[in-house]
Amino acid sequence: MAEQKTVTFIITRQDSPDSSPYKETFKIPYRKNMNIIAGLMEIQKNPVNAEGEKVSPVQWDSNCLEEVCGACSMVINGQARQACAALVDELETPITIEPMNTFPVVRDLIIDRSRMFDALKRIKAWIPIDGTHDLGPGPRMPEKKRQWAYELSKCMTCGVCLEACPNVNNKKFNNNFIGPALLSLPRLYNAHPTGAMNKSERLEALMQDGGISGCGNSQNCVQVCPKGIPLTTSIAAMNRATNIQAFKNFFGSDNAH
Amino acid sequence: MAEHREFFYRRLHSLLGVIPIGLFLVQHLFINHFAVYGAESFNKAAQFMFELPFRPLLEIFVIFLPILFHAILGVYIVLTARNNTRKYSFGRNILFFLQRVTGIVTLIFIAWHVWETRVQVALGNVEVSYSFMEGVLSDPFIFWFYVIGVISTVFHFANGLWGFMVTWGFTQSPRSQKIVTYFTILVFLAVSYLGIRALFAFV
């Protein structure tokens, strides 16, 4: 039998949230159609680096393995993306794998995306329907609207757009910009006929410091989004909506809510 | 307003960049262009602007204060970005980076330009005329500094116009954003031509 073909992974590792990162090279037995996760599983099975030393296995996050959960985001060959959808056959080797360090690194490739989940609460990314009694069916949604709103609903808070955005960072002057995904989601919930009843609350949240005004239109987000969500269209739509809301607030309007 | 301070300042920043600063820029370069038709023509145009009624008020509220606000908040905006054009070399990201670079270049250029012309006039050291500008631009280093400064300023204006259209929510669809991109390229070329041709009229 021919010699086992290998793929080289150069992984940026970090032992703890506070320790400094370092690179480690692994040679992984190649299989046809393998993805990055499959490679990481090989390291888990046999945690030996390219120098032949036994090391602690590389830690990573993943769940659904079909690009819908958003857990396995990492920077592969310089581009932030989902590791489950990154096929080794389609990548240049050696493959470099880094954590998305826009987020706090927990260990190796595991990052803490909780800033996104906190921001979901901030922008009220839900539709309040509960009451103490049956409120009956809500208003219907036009089919055409449902179609584009569905595209926005594909967001899996994977954080890839935040990683690619030059304005999402922890620089001293940065007002903690919430990031592209969180500017798009209010549009989804505001498009829903029941959700629209709380429209102004979401828009007001976008107008807070670190909200929509943090966007600098680099439009990287729409290029890197694994789900192909029209993020920049959403941002422009929310720009328009927040401006109108600001005018309503200032001049007064019965529709300002 | 207090709780939406950043939002308000950023919207004001975007608005001021076009109205009045952008309009003033185009008007300024338009007046400069009279230099192409000779010294007398330029002096007449400059004299007309200088003798506008309420000139000090116009200068303070239409030019000086808006530019000062735009510049100060602009430097802050530059400092908030972590540019990543090497990793993500998409067209818009490169323009995002260039907008920040030209912002700083333009700030340096305008500071120098205002010091050399308007401030010296205010101090009574010089009088703005064709021959004065001819003297300033006779130094090749200064001349090319002006060429770079004008191109940088016009780029910042044209690309800023695109950002203005998005920030104010006029262009929402990708198609409209693309067409406005082409439009701003035309603005950049046309206004640059106006400014550069005037500069070359002095040498």
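Quick caveat: nothing in here was measured; it's all calculated off a predicted structure. Values below: every heavy atom of this structure, side chains too, minus hydrogens, waters and symmetry copies. Here is the naming used below: chain letters follow the sequence lines, and residue numbers restart at 1 for every chain.
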*Is any side-chain heavy atom of A:Q245 less than 4.5 Å from a side-chain heavy atom of A:S200?*
yes
*Considering only heavy atoms from C-beta outward, does the side chain of A:N198 approach that of A:K124 to under 4.5 Å?*
no
Please determine, among [options], the option with the most heavy-atom pairs under 4.5 Å with chain B.
{"options": "A:C165, A:A237, A:C215", "value": "A:A237"}
{"options": "A:Q208, A:K171, A:Q219, A:M207", "value": "A:M207"}
{"options": "A:N243, A:N167, A:I235", "value": "A:N243"}
{"options": "A:A164, A:G211, A:G216", "value": "A:A164"}
{"options": "A:I212, A:V222, A:T233", "value": "A:T233"}

Using non-hydrogen atoms only, which part of [X] is less than 4.5 Å away from chain B: side chain, backbone, both, or neither?
{"X": "A:S234", "answer": "neither"}
{"X": "A:V75", "answer": "side chain"}
{"X": "A:A241", "answer": "neither"}

_Taking ring pair (Phe, Tyr, Trp, His ring centres under 6.0 Å) as the criterion, tell me which of B:F200, B:F109, B:F141 meets it with B:Y146._
B:F109
*Are any of the side-chain nitrogens in B:R10 or B:E6 under 4.0 Å away from the carboxylate oxygens of its partner?*
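Salt bridge flag = no for B:E6 with B:R10.
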*asked:* Apply side-chain hydrogen bond (donor to acceptor under 3.5 Å, both in side chains) to residues B:T171 and B:Q177 and explain how you reach the verdict.
replied: CA-CA 6 Å; B:T171 48; B:Q177 292 185 0; 4.6 Å; no
*Give the ring-plane orientation class for B:H70 versus B:H156, where under 30° counts as parallel, over 60° as perpendicular and anything between as tilted.*
perpendicular
*With under 30° as parallel and over 60° as perpendicular, where do the rings of B:F164 and B:W168 fit, or are they tilted in between?*
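The rings of B:F164 and B:W168 sit tilted, inter-plane angle from 30° to 60°.
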[X], part contacting chain A, at a heavy-atom distance under 4.5 Å:
{"X": "B:R11", "answer": "side chain"}
{"X": "B:R92", "answer": "both"}
{"X": "B:L79", "answer": "both"}
{"X": "B:Y9", "answer": "neither"}
{"X": "B:F7", "answer": "both"}
{"X": "B:R86", "answer": "neither"}

*Option that, when pairs with chain A are counted at under 4.5 Å, heavy atom only, ranks first among B:S173, B:G169, B:P174*: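 The candidate making the most pairs under 4.5 Å is B:G169.
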*Single hit among A:L162, A:N220, A:I229, A:V224 for side chain to side chain contact (heavy atoms under 4.5 Å, CB included) with A:P180*: A:L162
_Between A:Q14 (side chain only) and A:V106 (backbone N and O only), is there a donor and an acceptor less than 3.5 Å apart?_
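The answer is no, because no donor-acceptor pair under 3.5 Å joins these two groups.
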*Check whether any side-chain N or O of A:N174 sits under 3.5 Å from a backbone N or O of A:F177 as a donor-acceptor pair, and report yes or no.*
yes
